[in-house]
Amino acid sequence: MTRASTSATAADQLAPLLRDNLRGWTAYGAPQLDVPVQLNTNENSYPVPRVVIDAMVQALAKAAPGLNRYPDREFLALREDLAAYLTRTEDLTLDAGQIWAGNGSNEVLQHLVQAFGGPGRTALGFTPAYSMHPIIAGTAGTTWIDGRRGQRFDLPPESTIAQIRAIDPHLVFLCSPNNPTGTALPLDLVEAVYDAAGTAVVVVDEAYAEFRRAGTTASALTLLAGRPRLVVTRTMSKAFALAGGRLGYLAADPALIDLLRLVRLPYHLSSQTQVVARAALAHAQVLLAEVEAIKTQRDRIVVALTELGLSPVPSDANFVLFGGLADAPATWRALLDRGVLVRDVGLPGYLRVTAGTPTESTAFLQALAELGPAYRPLQEQETR
Ligand SMILES: *Cc1c(COP(=O)(O)O)cnc(C)c1O
């Protein structure tokens with residue numbers, strides 16, 4: 001028997017064993033291609049700075065002899081540092097009891113779904129938003145419901161509230177600034193969603209909060225007091241240039257966090273993860289200076305795309321969604337042929353590009369300008 005037929009038989013035998021609600025699913029798979037300009041997963045393009053590397057290596061050396069022991073299951077020192085960081089940057093007071101963390105914010109989202117979703121329960125989100133929200137909800141057996149957005153991917157308050165009332169979900173997912181559109185939600189909408197959501201847990205995914213433009217909305221963290229069903233998730237994957245370190249977190253009422261302890265695996269945050277994240281937090285200033293540089297590139301990309309006759313969506317994140325393309329998949333391919341990897345998020349006529357270094361922005365914009373006949377702005381699409 002050849003290897004191929006063996007594995008086909010194994011696949012045939014295993015397929016019926018899969019849980020019913022996972023049949024026909026495909027695994028999350030943003031391409032990880034080794035091309036010169038990688039602008040497809042909203043990573044921070046800047047390598048970890050030397051001073052932060054040194055702090056991480058020192059912290060790891062100090063922690064290494066103790067790896068025979070399980071890590072602090074409550075990762076208290078890390079939670080204190082995260083609370084101090086939010087307190088310092090968002091003009092509010094949080095303490096460690098209001099903080100929870102996991103291996104990426106994907107894991108804290110999973111904890112939320114495990115605790116408040118599951119079979120027989122529903123989660124509501126508003127597509128296009130973060131593609132992992134429905135996947136994480138679904139893997140726990142939660143029924144996912146796609147809410148409707150407005151013409152320009154906005155969330156008109158009246159229809160948003162009406163949908164929440166009609167569906168009466170157990171979990172509501174908001175994303176602000178939203179991925180893939182880049183737009184931040186006004187705080188009064190978050191408040192209105194919370195009030196309309198009855199007994200649902202309302203999750204505001206703020207993975208890109210640090211990239212907000214000056215003067216746009218404040219963080220939903222400022223709404224936490226007196227709202228025990230509200231959760232705000234954050235990550236160190238983007239602003240802190242730590243996607244490989246896997247550290248995401250949330251802030252919520254300590255009573256809600258107590259329920260998350262029921263579903264987390266014991267010792268889920270390794271000692272290495274804890275010390276590496278703390279070393280990065282101790283150098284928040286250095287890392288956040290790079291965030292400012294990235295915001296400059298983001299704004300530059302918006303201006304340049306407009307000059308090319310395309311329609312970028314105003315962005316409060318480290319990426320730009322732009323429309324007006326006659327054929328987005330063909331444009332994606334043509335850019336890749338020129339060594340520039342962007343993201344086709346599946347919206348007809350649109351692509352998403354991450355803002356990285358000045359050199360990367362130039363490479364992307366030059367490649368796009370060179371395409372000429374390979375893309376053609378559709379004027380009628382812009383005015384919709
Ligand atoms: C990138 C991203 C995350 C981050 O996930 P991690 O697991 O923390 O790396 C979370 N939410 C949104 C909306 C994102 O775009």
Side-chain angles (χ1 to χ4, degrees), residues 27-32 38-45 48 75 78 82 85-86 99-114 123 125-137 139 144 149 153 155 171-185 190 202-212 219-221 231-251 260 264 268-270 273-274 276-277 280-281 287 291 294 298 313 315-321 342-347 352-356:
Y28 174 87
Q32 287 195 305
Q38 296 171 18
L39 300 175
N40 73 324
T41 52
N42 301 339
E43 290 155 335
N44 188 319
S45 287
V48 177
F75 44 100
L78 173 59
L82 288 166
Y85 164 68
L86 293 178
I99 303 290
W100 187 246
N103 295 282
S105 53
N106 277 277
E107 189 175 57
V108 300
L109 291 167
Q110 185 178 48
H111 289 167
L112 289 164
V113 167
Q114 286 177 317
F126 297 87
T127 300
Y130 187 41
S131 60
M132 284 307 297
H133 293 158
I135 293 174
I136 293 168
T139 54
W144 178 263
R149 284 181 179 265
F153 310 122
L155 282 181
L171 273 159
V172 177
F173 286 92
L174 300 175
C175 193
S176 178
N178 185 46
N179 179 7
T181 56
T183 35
L185 289 176
V190 179
V202 176
V203 181
V204 186
D205 185 332
E206 289 194 351
Y208 301 98
E210 285 90 345
F211 298 96
R212 289 184 322 244
S219 165
L221 289 166
V231 181
V232 180
T233 65
R234 293 281 187 107
T235 182
M236 296 184 74
S237 294
K238 313 286 163 55
F240 278 87
L242 205 62
R246 309 306 300 131
L247 198 289
Y249 57 105
L250 61 76
L260 302 181
R264 64 95 177 272
H268 69 286
L269 271 189
S270 78
T273 302
Q274 294 184 38
V276 164
L281 283 162
L287 293 163
V291 165
I294 291 165
R298 184 251 338 259
V313 182
S315 174
D316 286 295
N318 69 340
F319 56 83
V320 179
L321 182 74
V342 299
R343 187 71 163 268
D344 181 354
V345 291
L347 297 173
R352 191 193 71 192
V353 61
T354 306

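Read the numbers this way: they start at 1 and go in the same order the structure lists the ligands and their atoms.
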For [X] and ligand 1, answer yes if some heavy atom of the residue is under 4.0 Å from a ligand atom, otherwise no.
X: D205; result: yes
X: R246; result: yes
X: C175; result: yes

Protein residue, atom and distance nearest to atom 15 (O) of ligand 1, heavy-atom basis:
Y208 OH, 2.5 Å
Answer yes if the ring centres of Y208 and F319 are under 6.0 angstrom apart, and no otherwise.
yes
Between N40 (side chain) and P31 (backbone), is there a donor-acceptor pair under 3.5 Å?
yes
Does T183 offer a backbone N or O that forms a donor-acceptor pair with the side chain of N178 under 3.5 Å?
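Here the side-chain-to-backbone pair does not exist.
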Without hydrogens or angle criteria, can the side chains of [X] and [Y] be said to hold a donor-acceptor pair below 3.5 Å?
X: E206; Y: T233; result: no
X: Y130; Y: N106; result: yes
X: N42; Y: R343; result: no

At a 4.0 Å threshold, what atoms of ligand 1 neighbour a non-hydrogen atom of [X]?
X: S237; answer: 6 (P), 8 (O), 9 (O)
X: N106; answer: 5 (O), 6 (P), 7 (O)
X: A207; answer: 2 (C), 3 (C), 10 (C), 11 (N), 12 (C), 14 (C)
X: G104; answer: 6 (P), 7 (O), 8 (O)

Could you please spell out the steps behind the ring-ring contact (aromatic ring centres under 6.0 Å, His included) verdict for H268 and F75?
CA-CA 10 Å; H268 69 286; F75 44 100; 5.4 Å; yes
What part of S105, side chain, backbone, both or neither, has a heavy atom within less than 4.0 angstrom of ligand 1?
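Looking at S105 and ligand 1, atoms from backbone and side chain both fall under 4.0 Å.
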Going by the 4.0 angstrom heavy-atom rule, the piece of K238 near ligand 1 is side chain
Using distance alone, determine whether N103 and ligand 1 share an N or O pair under 3.5 Å.
no
Do any nitrogen or oxygen atoms of N42 come within less than 3.5 Å of a nitrogen or oxygen of ligand 1?
no
Please assess E210 against R234 for the test salt bridge (charged side-chain N to carboxylate O under 4.0 Å, His left out), listing each intermediate value before the final yes or no.
CA-CA 10 Å; E210 285 90 345; R234 293 281 187 107; 3.7 Å; yes
